[in-house]
Chemist: 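Here it is, the structure, as structure tokens.
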Amino acid sequence: MKKHNFYAGPSILPGFTMEKTVEAIKDFAGTGLSLMEISHRSKEFVAVMEQAQALVKELLQVPEGYSVLFLQGGASLQFYMVPCNLLNKKAAYLNTGSWASKAIKEAKLVGEVVEVASSKNANFNYIPKEYNIPADAEYLHITTNNTIFGTEILKDPDVAVPLVADMSSDVFSRPVDVSKYNLIYAGAQKNLGPSGATLVIVKNEALGKVERTVPTILDYKIHIDNESMFNTPSTLAVYGCLQTLIWLKEQGGVEAMEKINIQKAGILYDELDRNKFFVPTVPNTEDRSRMNVTFVMAPEYVELEKEFNDFASSRGMLGLKGHRSVGGFRASIYNAMPAASVQALVDCMKEFAKMK
Ligand SMILES: *Cc1c(COP(=O)(O)O)cnc(C)c1O
């Protein structure tokens, strides 16, 4: 039976990424060695790193004066590394979910943090729009896609301070104006590649301004000066990211991806709004994530939750269970998810409704 992969992360990747990575595990770039057993300083791997960095710049139209790094430690390490390098006195944070809250917690270890707004009172089911940013804040930190709660900031906010963003679960799903950001980070395992690599795009000028001593391994400048090879990078994960970037370019880049993503998410939200058995957890249509579609059974049908889950599983739908803090269901429909799988889920919901 065909499997439809709705896992939130690690999650679906293009078949192309898998095939190319399998090939390289057996014989990497004609070396006769496995990708897993060759030096990261070999010319073959250095070429992988350089090509991956160049493709990130090309696909996101990264302006001059920015560096691209592939680090380790996940987005979770960035929660601390970002303020350690960029927060001298004060930073502003928008609290839109669990990951944003974790970023705030780490930043508080470093300096003054102003939480400009929070949607916690409504279990993070919307994106706050009205907030004031202190004029002396060094940056505003946002989480563009809230993987757990199914909300997304779909437009780069217009604010008077530079932005910093956790784009772990929506990077490359649409164009972004990188010039508004001092730093963008993303754990690879949602939209980009295997777990183990973390993409960082940082404005060089923003670095070197804090008064504290930054530990060597946490210092972006050290990683930039060493071409993202200060320590051994996660070679396999970086290789996987490169293959996804090549695939992305072939699909027409982030503009084409955005069109497809709007269409894919639209099919699913339309059904959720139509089918009386289900309710999307995010009421405002403009805040709904195109990557993680969260929904629950309608109040009068809550007792059918397990039955629907079993019904969907029996049709090859995997990973639909919602995060424990929201309950219900979550369909993660990242870049690599084919529209046909989204349609299969919609058909499954329609049939379930008919059966009842
Ligand atoms: C998954 C996720 C994280 C955590 O990433 P790790 O790489 O596991 O540290 C952080 N932020 C967002 C938005 C996520 O989706």
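Whatever order the structure lists ligands and atoms in, that order sets their numbers, starting from 1. Heavy atoms only: backbone and side chains are in, while hydrogens, waters and symmetry mates are out.
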Chemist: Quick one: which of Thr294, Asn292, Thr147 gives a side chain to side chain donor-acceptor pair (under 3.5 Å) with Ser332?
Modeler: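 In the set Thr294, Asn292, Thr147, the residue that makes a side chain to side chain donor-acceptor pair (under 3.5 Å) with Ser332 is Asn292.
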
Chemist: Below 4.0 Å from any atom of ligand 1, is there a heavy atom belonging to Gln189?
Modeler: yes

Chemist: Among protein heavy atoms, which lies nearest atom 2 (C) of ligand 1, and at what distance?
Modeler: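 Residue, atom and distance for the closest contact: Lys190 NZ, 2.6 Å.
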
Chemist: Less than 4.0 Å between a side-chain N and a carboxylate O, is that true for Glu152 and Arg174?
Modeler: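 Counted as a salt bridge, because a side-chain N and a carboxylate O are separated by less than 4.0 Å.
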
Chemist: Flag Asp166 as yes when one of its N or O atoms lies below 3.5 Å from any N or O atom of ligand 1, and as no otherwise.
Modeler: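 The answer is yes, given that Asp166 and ligand 1 share an N or O pair closer than 3.5 Å.
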
Chemist: Should Asp287 and Lys129 count as an ion pair when the cut-off is N to O under 4.0 Å?
Modeler: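 Salt bridge flag = yes for Lys129 with Asp287.
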
Chemist: Geometry only, no angles: is Thr143 polar-contacting ligand 1 at N/O separations under 3.5 Å?
Modeler: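 No, there is no polar N/O contact under 3.5 Å.
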
Chemist: Only heavy atoms of Ser169, strictly under 4.0 Å: list the atoms of ligand 1 that pass.
Modeler: 15 (O)

Chemist: Using a strict 4.0 Å cut-off to heavy atoms of Phe79, name the atoms of ligand 1 that fall inside it.
Modeler: 10 (C)

Chemist: Which ligand 1 atoms does Asn145 reach within 4.0 Å, using its non-hydrogen atoms?
Modeler: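 Checking each atom against Asn145, I get 13 (C).
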
Chemist: Is there a polar contact, in the sense of an N or O pair closer than 3.5 Å, between Ala75 and ligand 1?
Modeler: yes

Chemist: Decide if the gap between the ring center of Phe308 and the ring center of Phe278 is smaller than 6.0 angstrom.
Modeler: yes

Chemist: Could you tell me whether Lys209 and Glu138 make a salt bridge, using a distance below 4.0 angstrom between a side-chain N and a carboxylate O?
Modeler: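 Salt bridge between Lys209 and Glu138, a charged N being under 4.0 Å from a carboxylate O: no.
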
Chemist: Is Thr144 near ligand 1, meaning one of its heavy atoms is under 4.0 Å from it?
Modeler: no

Chemist: Can you tell me how far the OG atom of Ser228 sits from the CD atom of Gln53, to the nearest 0.5 Å?
Modeler: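 Going from OG on Ser228 over to CD on Gln53, the span is 5.5 Å.
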
Chemist: Pick, from Gly9, Ala165, Ser76, the option with the minimum heavy-atom distance to atom 9 (O) of ligand 1.
Modeler: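 Looking at heavy atoms only, the winner is Ser76.
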
Chemist: Between His40 and Phe45, is the gap from one ring center to the other below 6.0 Å?
Modeler: no

Chemist: Quick check on contacts: which atoms of ligand 1 are under 4.0 angstrom from a heavy atom of Gly74?
Modeler: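 Atoms satisfying the 4.0 Å criterion: 7 (O), 9 (O).
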
Chemist: Do Tyr220 and Asn204 have a side chain donor and acceptor closer than 3.5 Å?
Modeler: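 Checked: Tyr220/Asn204 side chains show no N/O donor-acceptor pair below 3.5 Å.
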
Chemist: If you have a sec, work out which protein heavy atom is nearest atom 15 (O) of ligand 1 and how many Å separate them, to one decimal?
Modeler: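 Looking only at protein heavy atoms, the one closest to atom 15 (O) of ligand 1 is Thr147 OG1, 2.4 Å.
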
